[in-house]
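Please read the structure below before turning to the comments.
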Amino acid sequence: MVSKVLKAPEGPPSDVEGIKERSKYLRGTLKEVMLDRMSAGIPEDDNRLMKHHGSYLQDDRDLRNERQKQKLEPAYQFMLRVRLPGGVATPEQWLVLDELADKNGNGTLKITTRQTWQMHGILKWNMKNTIQEIHSTLLDTIAACGDVNRNVLCTPNPYQSEIHSEVYEYAKYLSDYLLPRTRAYHQVWLDEEVVAGTPEVEEVEPMYGPLYLPRKFKIAIAVPPTNDVDVFSNDLALIAIIEDGKLLGFNVGIGGGMGSTHGDTATYPQLAKVIGFCTPDKIVEVAEKTITIQRDYGNRSVRKNARFKYTVDRLGLETVKEELEHRLGWKLDEAKPYQFDRNGDRYGWVKGVRGRWHYTLFIQNGRVADFEGYKLKTALREIAKIHKGEFRLTTNQNVIIANVSNQKKKQIEELIQQYGLTDGSQYSALRRNSIACVALPTCGLAMAESERYLPKLIDKIEDIIDENGLRNEEITIRMTGCPNGCARPGLGEIAFMGKAVGKYNMYLGAAFDGSRLNKMYRENIGEEEILSELRVLLSRYAKERNNGEHFGDFVIRAGIIKATTDGTNFHD
Ligand code: SRM
Ligand code: SF4
């Protein structure tokens, strides 16, 4: 039901709207073009649709110039992202992904900032069997990308494992319920036959409609006191409210997102704002109706202004809340108090309920590979072979080996020792709180290095950290290769967003618990300047901070940077 008063922005629909409209519910000509052996790539229109199937066509950017010189087509390959609500995977699923990465991918797995695996480097001819093998282990890649609801996040909190399992069920249910209903995925990849008499174009998407959403839509559930999911960076932010060990329901926040465009003040990161509370049984209805508001009023003309955060800011928070309640037919309760203490992971072994153990393993920037002298991928495979619990992928790109019995703990610990796996304790707390997006060489939007560079930069920052006695001081540091914000840089106490090769904008002043955005401190600087800025800042922090004061709060109190009180003043 579309309200008479509210309006979507005017303007001609973007090209992607046309592609979706003509796509016969996300089919396009994908089935045919994937069989075409003339090119390792696919046409742009189909690539736009491909995203809704969890994949992107990419090319290896390290090889781009050389191939251009040789007049060869780019080194096309596909990235494939699994839908894994709450980041929970069985050891069997881990083993399948591990094998597929070697067989069809580039031999590595990337644990993403939305709690799932990505594989890179899959050739077109191997896409179908890769998706089929993923399907055989009861996983899929549907809606892992595209203008739909994405992988639903949930705190994989090993301390409160019972609450986690309950909240996880909601994350999983939401993720499944909000899936597109088209059979396109099953027909393109899984050889499902089109049933005679039900022409595919007449299929109905009851919630999305034929145009799907104006842009991606993201949901996260946080379980306080941990805000590891960076709940406020989501279009729909759900905060579990727990009283006396029982889940009462969820505070509901709307309108968060991280992406922006350098130099364009009409784009900005924004944090979701809490508008009320609902009991657990209402959560699906709330999510569905919120999504329909964005479906009806989101900007379908300018994609960079199309996220729900802009819809909320344009229409006004109160108006969107009223519209939501109108669509629900009931009112949200008043939001309940909650408290977050951090947005990073805690590492190492912890004991949860029923005597079960959980080990959070530090994985630098989420890349699972066999490195020289550090056989991380092999080690996780060996653990998966004997592990009887599950793996929980975290939004900080780490992995929790969860639900381990006393007896298995000994065996797993032996493997941890044998392969030198780490809970990060030999590193600075700053490194343990670092995340970086993929960027080069696979990301087509990267302007600078990120995952391949941040660890080296931190090697140098650690010298400064040590000079100032800050080794155990938890400071969040984030890097992305462009301002799209895939490592949620707007929420780093120190953050870098790529501007050009070797050049970054530097940001300061986010809150350690993910409740305040940062602000630009220096523009377009290289390593030398980054280090000299940090040398001054960290030494001042070491000397002038108050007891227990986080770095992000300190730089504001010390007048080094102004606080960003709302995304709309991020650029001020
Ligand atoms: Fe992202 C686009 C990687 C989390 C905001 N993101 C991309 C693409 C697909 C590039 C592209 O469009 O061609 C990147 C693929 C790189 C590669 O080679 O793999 C990419 N995003 C990632 C991952 C893998 C980063 C990582 O290293 O972990 C994360 C995968 C998450 C997942 O499993 O679903 C990832 N991306 C995020 C997040 C963080 C989050 O959701 O918590 C954000 C910021 C939150 C948000 O959405 O506002 C994010 N990605 C974007 C944007 C900017 C969207 C915007 O509103 O402006 C883009 C560009 C776009 O959509 O046009 C983008
Ligand atoms: Fe690519 Fe930019 Fe996302 Fe990094 S932030 S993965 S460079 S789109």
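Each ligand, and each atom within it, is numbered from 1 in the order the structure gives. For reference, positions follow the sequence shown, starting with 1. Everything numeric here is computed off the predicted structure, so don't read it as measured data.
- Ala436 counts as a contact of ligand 1, since one of its heavy atoms falls under 4.0 Å from the ligand.
- Metal site remark for atom 1 (Fe) of ligand 1: Cys486 contributes an N, O or S atom at a distance under 2.8 Å.
- Arg522 and Glu529 are not joined by a salt bridge, as no carboxylate oxygen comes within less than 4.0 angstrom of a charged side-chain nitrogen.
- Rounding to the nearest 0.5 angstrom, the gap separating the CG atom in Leu393 from the OG1 atom in Thr113 is 11.5 Å.
- Using cut-offs of 30° and 60° on the angle between ring planes, the pair His53 and Trp189 is perpendicular.
- Between Asp235 and Arg215, no side-chain nitrogen of the basic residue sits less than 4.0 Å from a carboxylate oxygen of the acidic one, so the salt-bridge criterion is not met.
- Given atom 2 (Fe) of ligand 2, the protein heavy atom at minimum distance is Cys482 SG, 2.3 Å.
- Among all non-hydrogen protein atoms, the one lying nearest atom 3 (Fe) of ligand 2 is Cys486 SG, 2.2 Å.
- Atom 4 (Fe) of ligand 2 has its closest protein heavy atom at Cys437 SG, 2.3 Å.
- Under a 4.0 Å N-O distance rule, the pair Asp147/Arg303 qualifies as a salt bridge.
- Of the listed residues (Pro489, Ala439, Cys443), the one carrying the non-hydrogen atom nearest atom 1 (Fe) of ligand 2 is Cys443.
- Salt-bridge formation is not detected for the pair Glu169/Lys172: no Lys NZ or Arg NE/NH1/NH2 atom is positioned less than 4.0 Å from an Asp or Glu carboxylate oxygen.
- Contacts between Arg488 and ligand 1 below 4.0 angstrom, taking non-hydrogen atoms only, involve the side chain exclusively.
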